[in-house]
Amino acid sequence: MYKTEREFMRKLALNDEILLKIEKPARYIGGEVNSVMKDPEIIDIRFAMCFPDVYEIGMSHLGMKILYDMFNRRADVYCERVFSPWPDLHHVMKEQKIPLFALESQEPLKNFDFIGITLQYEMCYTNILQILDLAQIPFLAADRTKDMPIVIGGGPCAYNPEPIADFFDLFYIGEGEISYDALFDLYKQAVQNGSSRQEFLIQAASIPGIYVPSLYDVSYHEDGTIRQMTPNTPGIPKKVKKQLVMDFTNAVYPEKPVVPFIKITQDRVVLEIMRGCIRGCRFCQAGQIYRPTREKNVEKLKEYADSMLKSTGYDEISLTSLSSSDYSQLEELVNYLIDNFRNKGVNISLPSLRIDAFSLDVMSKVQDIRKSSLTFAPEAGSQRMRDIINKGLTEEDIMHGAGLAFAGGWQKVKLYFMLGLPHETEEDMRAIAELANKIAVSYYEIPKDRRNGKCQITVSTSFFVPKPFTPFQWARMYDKDEYLRRAGIVNESIKAQLNRKSIKYNWHEADISVLEGIFARGDRRLAKAIQYAYEDGALFDSWSEYYDDARWQHAFEKAGIDTDFYTMRERIEDEIFPWDFIDSGVSKEYLLREWNRSKRGEVTPNCRVQCSGCGALQFGGGVCIENQN
């Protein structure tokens, strides 16, 4: 089944002349260490796993690595990888009509059975159309014929798939470890039976977690809000339930991940220690859709650390989760990694840690304090706003953590905040600068002979985007000018602080945030605008050097869309959202309760302190039951 590249004698899809002209040709040639080579002639299903961004970003995505490994464990499935060609190659492929190809076999995507596209962030939507365009596959699912691949989407943005629903045959809602085997078995049966494309899609809709957009109709009120969304075919479920892997310790995990030839964004071994988060921040989609929190056993993680470092040759290992400090066996795991690998030249990366005494002790062992910076994410400057967003962090916590860090030898601190949060006042905005100054003051209170030079505090603000399945899904946004006005207030306030020379301020692009908000809460009517923008040249919109807001405004105007409808209004409590057909396991009643608690500034305890009745108990595992014995 498995063969070497030499046995296959692969012919590269791009000739030497093209490869020598483009930037980083290693993005397109495949053949990396641990990439899977199978004989396509004896495979039943060919699956092209696509990440709609450049190779270095896509190859850093853990979810893609997990599914690549899982699919290729099946003898009857060959999963290959595809990434968005960078603009230099994009133009060559369009001009020379070179079809988009998979890295492993170098064969065109149009010859595959499935094209699976990871939907990690909204700003990649035009890159989805790039993949279909270069693959020479119609944009619209309705225009595809029986001999064309089934296009399936999955990932966080699949929790509101409606703006891109017209481009997909299927969506997978939830974690991919659960229902893909059933989908593949059904597809093999459909091929054997000679079923039509439509017959397969109807049957697929009965698999838990599978959403087939063409089998649902949407009607609207005169004001543009949704009247109802109903199945148009008998036997199709009204709700699609997210899929979760509850036995997280024994879930599939790639012990031999592909090792790229070039440096990627996350160029290291990654250990996923936990899924979900107990914290319940009201702005955070991941913290809601991955409920309940599930941990991987520490002994299994030790095994993975050993095997993955051996199979890859990496000299860095990183722990990943939404909040690593909440992993109950963190101390044992970290001490194991330090004791076994640090003296072997392996760096240990520990993101998502709270700044407490234990974390700082650990980081002092694994980081060069003189070069590294510590990251705090207060999200809001005032305690009032932190209570509104349910951050669960007091100013005393922040100042105590900063004090420990400075006493430990650090002098570089990064602070992350959001602007435009619900119920935000000018006083809250100015509090961001004031908090940064208080942290600087605490540094300069340390005797001079015990300091590491000047304090360096970097304040960064992003603009709040309300996401589906969060308590803030009812909240409004603002326009670009208002966001920039708020950033201006913070900038002006920082300049007025006593320690302003120690504080640097950065803010996110406002127009990109507004577009992200349109897509995050949009409906099917947006598909035309996305297509118009792509046809007008929109591509790599998450990269500021390629983003063109005027192009998008023209596309919305051409599609007859008033974008303020999606961004500038607070939703009424009983409005039907485009994503309400999805059962995320977290009830709308709970989210509404949290929305109303935010208005009163009431804090909800984390899941280990008290159950808030979100609905995730129905899954029967994880944090929901760990304290019931």
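The structure displayed is predicted, hence computed values, not measured ones.
Aromatic rings of W579 and F171 (six-membered ring for Trp) have centroids beyond the 6.0 Å cut-off, not under it. Taking the centre of each ring, F464 and F283 stay at or above the 6.0 Å mark. Between F577 and W474, the distance separating the two ring centers is shorter than 6.0 angstrom. A centroid separation of less than 6.0 Å is found between the aromatic rings of F540 and W86.
With hydrogens and angles left out, the side-chain atoms of W552 and D541 include a donor and acceptor closer than 3.5 Å. A donor atom on one side chain and an acceptor atom on the other are not found under 3.5 Å apart for S502 and N499.
Scanning for side chain to side chain donor-acceptor pair (under 3.5 Å) contacts around D133 gives K94, Y534, with sequence neighbours left out. The salt bridge (Lys or Arg N to Asp or Glu O under 4.0 Å) search around R476 returns none, not counting sequence neighbours. With sequence neighbours left out, E427 forms a salt bridge (Lys or Arg N to Asp or Glu O under 4.0 Å) with no residue at all.
Here the OG-CG distance, from S84 to L89, works out to 11.0 Å after rounding to the nearest 0.5 Å. Taken to the nearest 0.5 Å, the CD1 atom of I289 stands 12.5 Å off from the SG atom of C277.
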Exercise. Taking it one step at a time, do Y121 and E516 satisfy side-chain contact (heavy atoms from CB on, under 4.5 Å)?
Worked result: CA-CA 8 Å; Y121 32 80; E516 182 184 339; over 6 Å; no
Problem set entry | E379/R282 under salt bridge (Lys or Arg N to Asp or Glu O under 4.0 Å): CA gap, chis, key distance, verdict | CA-CA 11 Å; E379 310 295 359; R282 292 173 177 138; over 6 Å; no
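Electrostatic pairing of R569 and E575 counts as a salt bridge here, judged by a charged N lying under 4.0 Å from a carboxylate O.
Put simply, the residue from I98, L109, L129, L100 that forms a side-chain contact (heavy atoms from CB on, under 4.5 Å) with L134 is L100.
Annotation for G401 and F376: closest pair C-CZ, 3.8 Å, computed over non-hydrogen atoms. Listed here is the closest heavy atom pair of T567 and V514: CG2-O, 4.0 Å. Summarising the geometry of T394 relative to R386, their closest heavy-atom pair is C-NH2, 4.1 Å, with the distance given to 0.1 Å.
Residue K501 places its NZ atom among 12 or fewer non-hydrogen atoms of other residues, nucleotides or ligands, all under 6.0 Å distant. Counting non-hydrogen atoms of neighbouring residues, nucleotides and ligands closer than 6.0 angstrom, the CD atom of E557 reaches no more than 12 such neighbours.
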